[in-house]
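A quick write-up on the structure given underneath.
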Amino acid sequence: MKKFLIMAALAIFAAAGTASAQNYMVVNTETVFKSLSAYNQAVAEVDAAAKRYQQNIDNAYADLEQMYETYMSQKASMSQNARRQYEETILSNEKKIAEYQADIFGEEGKITKMQAEKLEPYRKKVTETISEYAAAHGYALVLDIAANPLVIYYSPSADKTQEIISLLK
């Protein structure tokens, strides 16, 4: 009798665990973001700015390369002092370009700040909408299939991407 009660209790706990484990939803945030034209426009602005800055950096490195080639072709005819000054100029210019590149694309760079300024409001809105939807519908877990390559299978009924898109529009 004792064995039977223990087995029954375990079966109830297992069933309860299985029921609560199915309390999840799946969202493809990449699809959600692609559906927001304002977000896509902001991404395009950031990408265009990054492209312009990258072109400036590429041009500066091309000028530096030209300076180095000129130095190499004239090195033999230069005095020791002139060679040292030319090398220092080349190294100084290379350092300036690297610093400029870090100022633009580094962790605290202009592009990072621009992304935060232009894209973060949309990311926050999408996250809040997903959280509110999940809470309102009793979901305990939300999986983002766009960012999780380890999801092998999910039921299409668990995918709430279109509902989230509808709420955002």
Side-chain angles (χ1 to χ4, degrees), residues 24-134 139 141-156 158-169:
Y24 67 93
M25 66 182 252
V26 175
V27 177
N28 187 332
T29 55
E30 184 177 329
T31 302
V32 172
F33 285 121
K34 284 182 180 179
S35 76
L36 301 174
S37 59
Y39 177 82
N40 292 321
Q41 182 179 349
V43 168
E45 288 176 29
V46 171
D47 288 348
K51 194 173 188 175
R52 284 190 308 272
Y53 284 122
Q54 186 60 51
Q55 186 61 49
N56 292 341
I57 292 167
D58 291 345
N59 291 342
Y61 274 120
D63 292 345
L64 184 66
E65 182 68 27
Q66 182 61 46
M67 180 185 279
Y68 179 75
E69 288 174 10
T70 301
Y71 166 72
M72 291 305 288
S73 68
Q74 297 175 357
K75 182 179 177 180
S77 65
M78 292 178 153
S79 69
Q80 183 69 21
N81 191 33
R83 275 187 274 184
R84 186 181 51 76
Q85 284 180 327
Y86 216 117
E87 289 169 359
E88 286 176 4
T89 301
I90 290 171
L91 291 174
S92 174
N93 287 349
E94 185 175 24
K95 184 179 177 183
K96 287 177 187 175
I97 295 168
E99 288 172 356
Y100 176 75
Q101 189 171 16
D103 287 344
I104 302 302
F105 294 106
E107 287 184 32
E108 298 293 324
K110 288 182 182 180
I111 294 298
T112 304
K113 289 176 183 174
M114 185 180 208
Q115 284 176 329
E117 175 188 316
K118 292 193 175 284
L119 304 180
E120 196 57 38
Y122 299 106
R123 291 178 182 147
K124 186 176 179 183
K125 183 175 181 176
V126 167
T127 301
E128 287 174 354
T129 302
I130 291 170
S131 297
E132 289 170 5
Y133 181 89
Y139 293 105
L141 176 67
V142 178
L143 296 173
D144 181 3
I145 59 172
N148 191 349
L150 299 177
V151 173
I152 296 171
Y153 173 80
Y154 63 91
S155 171
D159 190 344
K160 305 300 179 188
T161 303
Q162 291 305 316
E163 287 87 342
I164 299 301
I165 291 172
S166 296
L167 289 173
L168 288 166
K169 290 191 176 192

Rounded at 0.5 Å granularity, tell me how far [atom1] in [X] sits from [atom2] in [Y].
{"X": "Asn93", "Y": "Met67", "atom1": "CG", "atom2": "CE", "answer": "4.5 Å"}
{"X": "Asp58", "Y": "Lys51", "atom1": "CG", "atom2": "NZ", "answer": "11.0 Å"}
{"X": "Gln54", "Y": "Asn59", "atom1": "CD", "atom2": "CG", "answer": "10.0 Å"}
{"X": "Leu64", "Y": "Glu94", "atom1": "CG", "atom2": "CD", "answer": "5.5 Å"}
{"X": "Glu99", "Y": "Lys96", "atom1": "CD", "atom2": "NZ", "answer": "9.0 Å"}
{"X": "Lys75", "Y": "Thr70", "atom1": "NZ", "atom2": "OG1", "answer": "14.0 Å"}

In terms of the angle between their ring planes, are Phe105 and Tyr53 parallel, tilted or perpendicular, with boundaries placed at 30° and 60°? perpendicular

Contact summary for [X] and [Y], nearest pair of heavy atoms:
{"X": "Pro121", "Y": "Ala116", "answer": "CD-O, 3.8 Å"}
{"X": "Tyr68", "Y": "Ile90", "answer": "CA-CD1, 3.9 Å"}
{"X": "Lys118", "Y": "Ala42", "answer": "O-CB, 3.9 Å"}
{"X": "Phe33", "Y": "Tyr122", "answer": "CE2-O, 3.9 Å"}
{"X": "Lys34", "Y": "Asn40", "answer": "O-ND2, 2.8 Å"}

Answer yes or no: is there an ion pair linking Glu88 with Arg84, defined by an N-O contact shorter than 4.0 Å? yes

Please report the C-alpha distance between Lys113 and Lys110 in whole Å, then the side-chain angles of each, then the deciding distance to 0.1 Å, and finally whether the side chain to side chain contact (heavy atoms under 4.5 Å, CB included) criterion is met. CA-CA 5 Å; Lys113 289 176 183 174; Lys110 288 182 182 180; 5.8 Å; no

Expected output: side-chain Thr129 to main-chain Ile164 donor-acceptor under 3.5 Å: no

Just by distance, do the side chain of Lys160 and the backbone of Val142 share a donor-acceptor pair under 3.5 Å? no

Given side chain to side chain contact (heavy atoms under 4.5 Å, CB included), test Val27 with Val126 step by step and report yes or no. CA-CA 11 Å; Val27 177; Val126 167; over 6 Å; no

Assess whether atom CD of Glu108 is packed by more than 12 heavy atoms of other residues, nucleotides or ligands within 6.0 Å. no

Got a sec: does the CD of Gln41 have more than 12 other heavy atoms crowding it under 6.0 Å? no

Applying side-chain contact (heavy atoms from CB on, under 4.5 Å), name anything that partners Ala60, two or more places apart in sequence or on another chain. Ile97

Are side-chain heavy atoms of Tyr61 and Gln101 found at a separation under 4.5 Å? yes

Candidate list Thr161, Asp144, Thr127, test side-chain hydrogen bond (donor to acceptor under 3.5 Å, both in side chains), partner Thr29, passing option: Asp144

Apply side chain to side chain contact (heavy atoms under 4.5 Å, CB included) to the pair Gln162 and Ile165, showing each step before the final yes or no. CA-CA 5 Å; Gln162 291 305 316; Ile165 291 172; 3.9 Å; yes

